[in-house]
Amino acid sequence: MSLIVKRVIPQLIVSIILIVMIVFYFFYVNKSVAGVFSAWDKALSDWAIIIMAFALMVGGADIFRYHLIQIRKAGMKQAPFSIVTILLELVMIAFALIGFYISYINPESGISITTQPQFAWLYTNVYAPSDTAVYSILLFYIASASYRAFTAKNPTAALLLAVAVIVMLGNTSLGGLIWPGMLSLRDWIMTVPNTAAFRPITMGAGFGAITLGLRLLIWREVSWLGRRE
Amino acid sequence: MRITKDIFILITIILSIILISIVAWVSKIQLYNPTRPLSSFIVLLFLLIAGYLSIHRVKMGGTFSVRDIAAFNAIEEGIARSVEMGRPIHMTIGYGSISSSMAPQYIAGLGILSHVARMAGKYGAKLITTLGVPEVIASVEELVREGYASAGKPELFDPVYNVRYLTDQQFAYASAVQATIVRENVGANIVVGPFYAESLIFMEAGNMVGAFQVAGTARETQIPFFVLVADYSFIGEEIFAAGAMASGDKESLAAIRGQDAGKLLSIALILLGILMLITGYSLTDLLNWVWKFG
Amino acid sequence: MVSWELFGAWIGAFLIIWIYSFAFKDNVLYKLAEHIFVGTAAGYSVALALDSLNRVAIKSLLAQPAASWHYLIPVILGVLMFLKYSRRYYWVARYGIALNVAIGTALAVRTIPMANIVRQLQAAIVPLWGSDPLKVFNNWLTFLITMGGLTYFLFTIFPKKPETGKVSATYTVYKVLYLIGVYGMMIGFGALFANTIMTRVGFVISVYLIYLQPYMEATVIAVILATIAILIEIRRRSRSKCMTLRRMS
Amino acid sequence: MNMDTLALVDKVFGSKILLYILLIAALIYPFASPLGIPVSISSRTMQVYNYVKSLKPGCYVYMEIYYEVAARGELEPNVVALVKQLFDKDCKIVFVSLIGTGPIVFSLLRSTAADLFNTKKYGVDYVYLGYVSGQEAAAASLAKSIKGTVSVDNYGNRIETLPLLREVDKATDFSLAIIASSGTDTFNWYVRQWYTPYNVSLLFVALSVIAPSVEPFVGAKQAIGMLVGQRSAAEYELLVGRKGLGLASMDSQSLTHALILVFIAAGNVVYWGKRLRTKKK
């Protein structure tokens, strides 16, 4: 019995939902049936959002556990930093809960989870700048990658480099100064060869995803199950 | 091809779809969704059937050869080398939700993770798996435990050291992963799954400590960074082929022929479409045909 | 009195400079900024989880419990995911994962045939003849690169390599298309890499104009602190290297 | 170029410290003293400008604001220039965000373009529905009916109290849907849920890094055109006559690009110098 419950039923759920959602998408039959299809389809994607929400809470608990163990085990080198992480996580969750509570006590105030004042302050002054900083640190990495990895080692790398230089020049006003035709060359590269180059990759990714969907459908893909009982 | 039970079921499914469609067409029932071209449904059925038939052929003993994917073979080499240097291995499959349309890419990443975990067990390497997909924390923990157990070294598995969930927020995840790569001085850095802007962050962090890097994604915008900076890279759908190879199950690998069938179909349709242009017919309009009456 | 708003702006500038310092060298101030960021982000993602749970489930369960009773199923499956910590009932978490894996895959599998395949096929069908020579050249190039790319990605169907000396027509056609595919992709990768620079520069400019320039004093202080932290790190790293050398010799 | 100069160049450029200091200098210098490099207008931007100009005055436009604070630098100037052109034609705009950071970046957008928004009345000329969760499913249900998807706007007003939302509800009521996004998936959603079923004409505003992979949609005529990054923003600001972040950043962009070209050249010189040197030995 245990094998059925541990492995067979979860995989059965996957196969049924895959087939059902494909039917909801492609079939119509008549207005009322189509209405039922789209209602159930919306219900299923709402279910996914709800399960994702609980998974995020499990994730939050996981981070809390990880840093708690770091404080106990990793000694002074790591402990103070883990304390900072845990404190900030709890503070953010506390303000969110206050906002959630207020949104039900007096809804007119317009305060909800993300618009709770202290929560918004932490978001605007701690989360957003850090997020932007990590996003824009990429410019430094592009500069060092340009120096180190962008060498014309072989013909393919040389072609990649040549196209990159043309598009870079075309992207800025520099290009226009060197050769007026640079902008139209850049536009040509972007619309003709570039589009054609990405088409097989887009199609291939589509074939790969569908084949993986097939393997899930016939229980040939079990990595998401984890342990092989 | 002997008609076995499953082929018989497959044929009855196909015949019943065709039969129901004919009956619906004759009696003017709006069977298919009027806003969705029928060609997409037919292409989907074709790919699923082609994939299933190739699996079936292998089940019946058929064999086929698979083009070598250098990046897949490089994984074992990278792990062995970093164990010699006494440095841990790092792998990550990305951030986000598995209930998004990136699910197939996360699962391909999980497939390769099970291979990496087995190699880690085989060479006795310390594996650090960082991830930002909350729904699969449990699956990743068990895959890594399974990897060590299958090599007879269950004692090497420590859930807190081996599996680190770092929030599903893109750049908090990226900042923690780049720090992990540098501070743990990883020897091999394996990055496979759907990646967004943070792809180059992981590649540069790996480069800072001179790690051996194998990376791949099917998200086109990030492929160039992996191709340029990583030692070996999977391009686009190669992550799905590698995921199937990693499962070590011949029949899953056979499904790749379904992908190739799709490519042959595309080549044929493009050629047919161009030929039809000469005669004035347009395959493009045919592909847009919608099941509608009046 | 320092207003909360100014205090917040200074914190923002400090965090940005310390995160940038990682590009130069990993240091203690980056570690602090990273842990602050991860802590805030962890709390933020739990808050978003509560927010979407509130919008999708709680609000409709309270408003019309009859119509939205079915939301209880995912709520139960979601709560069961906490059982991942238990040794005996770890597998119960799989039901929630199964649902999300299936829905995610279904969303992809049902829309890909149209968006990734049929639309791309339609765009790839172009006339290879015509009056305007540039258009014909463009169409031929598009046709060849698309065909080459599809040939490159063939995993299990490819002509055998003929022994030396003998030349098989199918193999040369395959090899030519394979190379066109590879070189075609390189054009795409080069164009994309170049465009990335435009975006990353745009980001740093907006960071500078929005967060750093208006609070120049905070930025300068943060840079000084970061430089000190990096110098400490370099000295500690070189000292520990001499120690290991001394131990080895 | 003998060996020690090569080693020197490699040491100088190889060490990240100097590389990044040069980079920061090239970035910030133009803001101290602008170089004023002229900006030429590309045919693709002109094509978008003419399309928007051809819309009938007083038309209804849907605008998706889907980016984080980090992407403001590249996307906001395009959005501001488009809003100026649309408001000048008395077009009415329904703003929506399918991303959590939408409300924050929209408030920043309103403060940057305060001169435009102050001339218009909220609820009559423009509306902001705020963050609608559900990603592609939300895009699909918004296409069917806005009133059926959201009950309140971003500021808590009930939908029925907003005059503009009595005039428009479904995707087909809009003559144009502008999608400004820092991601790629957003464009896919609107192609699949707005263009494919309802043939609503789409206009994309994308980051330069994302543009190449969104290009196939424009090529397949699923979108009427695309504005890409600060370059298009600078051109569009010239066309609508409102100087903004786009034009201000072009000098810095040009200088930084020139510097990166120098890095690439240096990298190749060092690489080939060493290779030829070892081949000669």
Side-chain angles (χ1 to χ4, degrees), chain A residues 22 25-30 34 45 48-49 51-52 55-56 58-60 62-63 65-66 69 127 130-135 137-138 140-142 144-145 148-150 160 198 200-218 220-228, chain B residues 29-34 36 41 44 47-48 51-52 55 97 99 104 107-108 110-111 113-114 134-139 141-143 145-146 160 164-168 171 174-175 197 200-201 204 218 220 223 228-229 235-237 239-241 243 247 249 251-252 255-256 258-259 262-263 266:
Chain A
I22 289 173
Y25 186 77
F26 283 110
F27 287 84
Y28 190 87
V29 181
N30 59 40
S45 24
I49 293 170
I51 289 175
M52 167 71 174
L56 283 170
V58 169
D62 242 46
I63 292 168
R65 178 188 69 162
Y66 174 80
I69 291 170
Y127 181 88
S130 312
D131 188 74
T132 314
V134 178
Y135 205 159
I137 203 171
L138 277 161
F140 295 100
Y141 292 159
I142 282 208
S144 55
R148 198 188 61 256
F150 232 125
L160 191 146
F198 277 105
I201 296 175
T202 309
M203 296 172 83
F207 296 133
I210 289 177
T211 306
L212 193 119
L214 167 70
R215 281 173 41 216
L216 272 170
L217 192 64
I218 54 171
R220 278 272 154 245
E221 174 54 58
V222 289
S223 55
W224 61 276
L225 274 173
R227 187 186 315 195
R228 277 190 187 74
Chain B
I29 301 168
Q30 181 60 47
L31 180 61
Y32 293 98
N33 192 316
R36 310 240 148 87
F41 183 60
L44 178 59
L47 289 171
L48 293 176
Y52 187 79
I55 291 178
S97 160
S99 61
I107 294 173
L110 284 177
L113 172 63
S114 64
E135 294 118 317
V136 292
I137 298 172
S139 318
E141 275 174 6
E142 287 175 34
L143 277 177
R145 174 188 290 126
E146 182 75 20
V160 174
R164 303 179 190 185
Y165 169 73
L166 305 164
T167 87
D168 70 320
F171 290 110
S175 70
L200 185 58
I201 292 177
E204 276 303 298
E220 309 90 24
I223 295 172
L228 256 172
V229 182
I235 299 178
E237 65 175 294
I239 68 168
F240 296 111
S247 68
D249 152 26
E251 283 164 23
S252 316
I256 298 181
Q259 292 175 230
K263 271 158 261 174
S266 312

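All values below come from the heavy atoms of this structure, side chains included, with hydrogens, waters and symmetry mates left out. Here the structure is a predicted model, which is why all the values come from computation and not from measurement. Protein chains get the first letters and strands the later ones, always in sequence-line order, with residue 1 at the start of each.
- For the set B/G258, B/S97, B/S175, B/G51, the count of heavy-atom pairs under 4.5 angstrom toward chain A peaks at B/S97.
- For B/I137, the part sitting under 4.5 Å from any heavy atom of chain A is the side chain, from C-beta outward, and nothing else.
- Residue B/L113 does not touch chain A at all, counting heavy-atom pairs closer than 4.5 Å.
- Shown here are the side chain to side chain contact (heavy atoms under 4.5 Å, CB included) partners of B/N33, two or more places apart in sequence or in another chain: A/Y28, B/T35, B/R36.
- To the nearest 0.5 Å, atoms CG (A/L212) and CD (B/Q259) are separated by 8.5 Å.
- The distance from the CD atom of B/E220 to the OG1 atom of A/T202 is 4.0 Å, given to the nearest 0.5 Å.
- Interface remark: B/L166 contributes backbone atoms only to the contact with chain A (heavy atom separation under 4.5 Å).
- Taking chain A as the reference chain and counting heavy-atom pairs below 4.5 Å, the highest number among B/D249, B/L200, B/I29 is found for B/L200.
- Annotation: side chain of B/V229 is not in contact with side chain of A/Y141 (no heavy-atom distance under 4.5 Å).
- At a 4.5 Å heavy-atom cutoff, the contact between A/Y25 and chain B is made by backbone and side-chain atoms alike.
- Atoms OG and CE, on B/S99 and A/M52 in that order, are 6.0 Å from each other to the nearest 0.5 Å.
- Going from atom CG of A/L160 over to atom CG of B/L228 covers 5.5 Å, rounded to the nearest 0.5 Å.
- The distance from the CD1 atom of A/I218 to the CD1 atom of B/I55 is 3.5 Å, given to the nearest 0.5 Å.
- For A/L138, the parts sitting under 4.5 Å from any heavy atom of chain B are the backbone and the side chain alike.
- B/F240 has its ring centre no less than 6.0 Å from the ring centre of A/F207.
- Scanning for salt bridge (Lys or Arg N to Asp or Glu O under 4.0 Å) contacts around B/E251 gives A/R220, with sequence neighbours left out.
- For chain B, the nearby part of A/D62 is the side chain; its heavy atoms alone come within less than 4.5 Å.
- In this structure, the portions of A/A209 lying under 4.5 Å from any heavy atom of chain B include both its backbone and its side chain.
- With chain A as partner, the option from B/A241, B/P34, B/A174 having the largest number of non-hydrogen pairs under 4.5 angstrom is B/P34.
- Looking at B/V136, there are no atoms closer than 4.5 Å to chain A (heavy atoms on both sides), in backbone or side chain.
- Using cut-offs of 30° and 60° for the angle between ring planes, the B/F41 and A/F27 rings count as perpendicular.
- Closest approach of B/E135 and A/A55 over heavy atoms only: CG-CB, 3.6 Å.
- The contact between A/L56 and chain B is made by backbone and side chain atoms together, counting heavy-atom distances below 4.5 Å.
- Annotation: maximal heavy-atom pairing with chain A below 4.5 Å, among B/A218, B/G236, B/S266, B/S252, occurs at B/S252.
- One distance of note links CD1 of A/I201 with CD1 of B/I223; it measures 4.5 Å at 0.5 Å rounding.
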